[in-house]
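Here is the structure we will look at.
Quick note: numbers below take in every heavy atom, side chains included, and nothing from hydrogens, waters or symmetry partners.
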Amino acid sequence: MKDFSFLILAKLFNLARTEVYNRRGNEFVFISKRRSENDEMSESYIAICELYHHGKPMTYQKLFDFLKKKNKNSRVVL
């Protein structure tokens, strides 16, 4: 099992949610590597695909549904 940063997962969730609501849910996830934080998002996305999707790329809709289901019972302690 791999640990993921909550902030990175939240950014991935928001990216997927935005693309689904903009009706691009059937397109494959694309993360540009212009900023250093996008490298972490890309690495986390690749790890999620390897662990939960048999190494295949996911669409925005699948990523959104997956993260929504996984984050349903998560809590953040400050």
Side-chain angles (χ1 to χ4, degrees):
M1 192 46 94
K2 181 173 167 74
D3 292 333
F4 297 103
S5 167
F6 178 77
L7 294 176
I8 298 299
L9 290 180
K11 288 180 183 180
L12 273 174
F13 179 76
N14 287 333
L15 172 69
R17 183 181 65 186
T18 301
E19 295 300 323
V20 167
Y21 290 155
N22 287 337
R23 299 179 190 216
R24 291 188 211 118
N26 293 330
E27 296 177 10
F28 287 110
V29 175
F30 174 75
I31 300 170
S32 124
K33 294 194 176 189
R34 291 185 180 167
R35 295 185 283 179
S36 61
E37 62 191 35
N38 289 357
D39 288 336
E40 295 175 20
M41 282 177 50
S42 179
E43 290 172 6
S44 296
Y45 166 70
I46 290 170
I48 289 171
C49 288
E50 289 175 356
L51 289 172
Y52 299 106
H53 205 250
H54 308 292
K56 299 176 186 173
M58 301 172 88
T59 61
Y60 286 109
Q61 183 68 47
K62 287 182 182 177
L63 181 63
F64 176 71
D65 292 340
F66 171 77
L67 291 174
K68 185 176 177 181
K69 181 175 71 173
K70 289 293 182 182
N71 289 336
K72 192 173 193 177
N73 295 325
S74 62
R75 304 281 187 260
V76 176
V77 178
L78 300 176

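- Looking at heavy atoms from C-beta onward, Pro57 lies out of side-chain contact with Val29 at the 4.5 angstrom threshold.
- Put simply, CD on Glu19 and CD on Glu27 are 7.0 Å apart, with the number rounded to the nearest 0.5 Å.
- Atom CZ of Phe30 sits about 11.5 Å away from atom OH of Tyr45, to the nearest 0.5 Å.
- Hydrophobic cluster membership is shared by Met41 and Ile46, with clusters built from Ile, Leu, Val, Met, Phe, Trp and Tyr side chains linked at under 4.5 angstrom.
- Distance NZ/Lys69 to CG/Asp65: 9.0 Å, rounded to 0.5 Å.
- At most 12 non-hydrogen atoms from other residues, nucleotides or ligands lie less than 6.0 angstrom from CG of Asn26.
- Annotation: the span from Glu40 atom CD to Ile31 atom CD1 amounts to 11.5 Å, rounded to 0.5 Å.
- Side-chain contact between Met58 and Ile48: present, with at least one pair of heavy atoms (C-beta onward) separated by less than 4.5 Å.
- Applying the salt bridge (Lys or Arg N to Asp or Glu O under 4.0 Å) test to Lys11 and every residue at least two apart in sequence or in another chain returns Glu37.
- Following chains of ILVMFWY side-chain contacts shorter than 4.5 Å, one can reach Phe66 starting from Tyr21, so the two form part of one hydrophobic cluster.
- Taking hydrophobic clusters as Ile, Leu, Val, Met, Phe, Trp and Tyr residues chained together by side-chain heavy-atom distances below 4.5 Å, Leu12 shares a cluster with Tyr52.
- Between atom CD1 of residue Ile8 and atom CZ of residue Phe13 there is a gap of 15.5 Å, rounded to the nearest 0.5 Å.
- With Thr18 as the partner, the side chain to side chain contact (heavy atoms under 4.5 Å, CB included) test is satisfied by one option alone out of Asn22, Val20, Leu15: Asn22.
- Between Phe4 atom CZ and Leu67 atom CG the span is 9.5 Å, to the nearest 0.5 Å.
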